[in-house]
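For reference, the structure is listed below as structure tokens.
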Amino acid sequence: NVPEGTLVVELDPGTSFGTGMHHTTRLCITQIKKYLKSEDTLLDVGCGSGILSIIAMMLGVKEAAATDIDPHAVEAAIENAKVNHLDMSRYKIVCGDVISDGEFRRKMGVHKYDFVVANILADIIIPLSGVVKELMKPGALFVSSGIIDMKEEAVAQALTENGFEIVEVTRSGEWVSFTARNR
């Protein structure tokens, strides 16, 4: 018996990471529920199973996109989107490298997104924070997680140096999540 108002997501992570049970995933979900607005367009970078963008779609976001460099993750995310009966005219899942491929970033949409989420690793979030603004509208939010606490300072510094204002820092266990605004 599921309590009223509970979001039920059917998920097979396949070979990719992301069942929704990990601390870092829960940190991102909390921030999505707190800050995402229905008129927003969302981008999930390093989507894995697609859990974060699938939840955004189920919460009624206007449009979502998800990317991963692993074709198996992209396949799993597409499968998970279909199992959850999502409107694929408002949701795209594509394989590509946001960090090193400027052409791919342009294809995804310059200054298109109101909300970007990346639950990856600190060593990927640091270089990502240098290019992700190209994809974001002014004032857009960037939620990042997958950051082990010993890397917190390095990520905070990268975000600040790349023109983000840190709005909130949340923690769970030894993991850290940043919610930052594109200034």
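These figures come from a predicted structure and were not determined experimentally.
- Residues Gln157 and Glu161 have side chains that bring a donor and an acceptor to within less than 3.5 angstrom of each other.
- Side-chain N/O atoms of Tyr91 and Ser53 include a donor and acceptor closer than 3.5 Å.
- Under a hydrophobic-cluster definition in which Ile, Leu, Val, Met, Phe, Trp and Tyr are linked whenever side-chain heavy atoms come within less than 4.5 Å, directly or via other members, Tyr113 and Val94 are assigned to the same cluster.
- Remark: the backbone N or O of Val98 is paired with a side-chain donor or acceptor of Arg105 at under 3.5 angstrom.
- Between the side chains of Asn162 and Ser129, at least one donor N or O lies within less than 3.5 Å of an accepting N or O.
- Pairs of residues two or more places apart, or lying in two chains, that qualify as side-chain hydrogen bond (donor to acceptor under 3.5 Å, both in side chains) and include a residue from residues 136-148 are Asp114-Lys137.
- Ring-plane geometry between Phe164 and Phe142 is classed as tilted, the angle between the planes lying from 30 to 60 degrees on a 0 to 90 degree scale.
- Residues Ile120 and Val116 share a single hydrophobic cluster, defined by chaining ILVMFWY side chains whose heavy atoms lie under 4.5 Å apart.
- One hydrophobic cluster, built from ILVMFWY side chains closer than 4.5 Å, cannot hold both Leu159 and Trp175; they sit in different ones.
- Between Val176 and Val169 the shortest side-chain heavy-atom distance falls below 4.5 Å.
- The shortest side-chain heavy-atom distance between Ile54 and Leu86 falls under the 4.5 Å cut-off.
- Between Ile55 and Leu59 the shortest side-chain heavy-atom distance falls below 4.5 Å.
- With Asn80 contributing its side chain and Ala76 its backbone, the two residues share a donor-acceptor pair below 3.5 Å.
- No donor-acceptor pair closer than 3.5 Å links the side chain of Arg90 to the backbone N or O of Ala64.
- Asn119 contributes a side-chain N or O that, together with a main-chain N or O of Gly146, makes up a donor-acceptor pair within less than 3.5 Å.
- For the pair Lys34 and Glu168, the minimum side-chain heavy-atom distance is below 4.5 Å.
- Using a 4.5 Å cut-off on side-chain heavy atoms (C-beta onward), Leu135 and Val110 make no contact.
- The local environment of CD1 in Ile148 is crowded, with over 12 non-hydrogen atoms from other residues, nucleotides or ligands closer than 6.0 Å.
- Asn182 has its side chain out of reach of Glu165: every pair of non-hydrogen atoms, C-beta onward, lies at least 4.5 Å apart.
- Contact of the Ile147 side chain with the Ile125 side chain is registered, since non-hydrogen atoms from C-beta on lie closer than 4.5 Å.
- Both Ile29 and Leu141 belong to a single network of hydrophobic side chains, linked directly or stepwise wherever heavy atoms of I, L, V, M, F, W or Y lie under 4.5 Å apart.
- Using a 4.5 Å cut-off on side-chain heavy atoms (C-beta onward), Lys92 and Glu63 make no contact.
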